[in-house]
Amino acid sequence: MIYLAVLTSLFASIFLTISLKLLSLFHFIKWSPVGYAKRLNVLEASHWSVKWLFLLIIIFLITLLLYFAMQFVEMVPSFLTSLIIGAILALICEWVIFDLPAELSSFKKLSIPFMVTIVITARFVFETAVFHYRAHSERNKLPYKDSVVK
């Protein structure tokens with residue numbers, strides 16, 4: 001199970017990192033995904049690839065935590081949880097990046113393509129986690145009822 005979690009998180013983090021690079025390249029987001037280096041004064045003098053690798057590792061750890069958390073929420077549909085949690089994560093990310101005030105006019109500055117990318121990645125991670133959890137629990141079931149004596 002851990003192998004599947006690591007593999008799923010790795011592919012999700014690679015997809016999200018490449019998507020962030022493309023969103024930044026085509027100006028769908030008005031901020032740099034590796035702008036954390038200036039803001040937090042870490043890795044400022046580093047090569048651009050080191051900054052992106054560090055971002056990939058952070059995204060990997062976040063998706064791995066979300067994978068393990070969502071594995072046990074199989075009763076709620078994955079579509080609903082990925083939509084809600086993905087949208088909330090995207091809102092929080094952009095709210096922190098832009099340092100927006102808590103006003104209704106602040107929603108105009110948020111990026112819809114960024115939110116959609118986060119929701120797609122969350123859906124991939126959550127659906128995979130629930131699927132593998134159910135498959136693992138089905139594999140451990142007995143082919144007959146517990147009350148039957150063999």
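Quick caveat: nothing in here was measured; it's all calculated off a predicted structure. Both backbone and side-chain heavy atoms feed into the values below; hydrogens, waters and symmetry mates do not.
The hydrophobic cluster containing Ile120 does not contain Ile92, counting ILVMFWY residues as joined when their side-chain heavy atoms lie under 4.5 angstrom apart, directly or transitively. A continuous path of ILVMFWY side-chain contacts below 4.5 Å connects Phe28 to Ile18, so both sit in one hydrophobic cluster. Side-chain heavy atoms closer than 4.5 Å link hydrophobic residues (I, L, V, M, F, W, Y) into clusters, and following such links, possibly through other members, connects Met115 to Phe126. Under the 4.5 Å side-chain heavy-atom criterion for ILVMFWY residues, no single connected hydrophobic cluster contains both Leu65 and Phe11.
Identified under the side-chain hydrogen bond (donor to acceptor under 3.5 Å, both in side chains) test for residues 9-28, with sequence neighbours left out: none. A salt bridge (Lys or Arg N to Asp or Glu O under 4.0 Å) check over residues 42-71, counting only residues at least two apart or in different chains, returns nothing. Contacts classified as salt bridge (Lys or Arg N to Asp or Glu O under 4.0 Å) and involving residues 118-132 (residues at least two apart or in different chains) are given here: Arg123-Glu127.
Proximity of Ile29 to Pro33: side-chain heavy atoms (C-beta onward) are separated by under 4.5 Å at one or more points.
Annotation: ring pair (Phe, Tyr, Trp, His ring centres under 6.0 Å) contacts of Tyr67 (sequence neighbours excluded): none. Every residue two or more places apart in sequence or in another chain was checked for a salt bridge (Lys or Arg N to Asp or Glu O under 4.0 Å) with Arg39, and none qualifies. Under the rule for a ring pair (Phe, Tyr, Trp, His ring centres under 6.0 Å), Phe124 has no partner lying at least two apart in sequence or in another chain. In this structure, the side-chain contact (heavy atoms from CB on, under 4.5 Å) partners of Ile112, at least two apart in sequence or on a different chain, are Val116. Partners of Glu94 according to the salt bridge (Lys or Arg N to Asp or Glu O under 4.0 Å) rule, which considers only residues two or more places apart in sequence or in another chain, do not exist here. Residues satisfying the side-chain contact (heavy atoms from CB on, under 4.5 Å) test with Leu25, not counting sequence neighbours, are Leu22.
Around atom CZ of Phe131, no more than 12 heavy atoms belonging to other residues, nucleotides or ligands sit under 6.0 Å away. Within 6.0 Å of the CG atom in Leu80, the count of heavy atoms belonging to other residues, nucleotides or ligands exceeds 12.
Expressed to the nearest 0.5 Å, how far CG of Leu16 lies from CG of Leu23 amounts to 9.0 Å. Thr63 OG1 to Phe15 CZ: the interatomic distance, rounded to the nearest 0.5 Å, is 12.5 Å. Taking OG from Ser32 and CG from Leu20, the interatomic distance works out to 9.5 Å, rounded to the nearest 0.5 Å. Between the CZ atom in Phe98 and the CH2 atom in Trp31 there is a gap of 7.5 Å [rounded to 0.5 Å].
By the 4.5 Å side-chain criterion applied to Ile, Leu, Val, Met, Phe, Trp and Tyr, Phe79 is assigned to a cluster that also includes Leu83, Val119. Here Val130 is tied to no hydrophobic group at all, with no ILVMFWY side chain closer than 4.5 Å.
The minimum heavy-atom distance between Ala12 and Val125, with the atom names listed, is CB-CG2, 3.6 Å.
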- Task: Just do the side chain to side chain contact (heavy atoms under 4.5 Å, CB included) check on Leu4 and His136 with the steps written out, would you?
- Result: CA-CA 11 Å; Leu4 292 171; His136 184 71; over 6 Å; no
Atom pairs and distances, side-chain donor-acceptor, residues 53-62, under 3.5 Å, sequence neighbours left out:
none

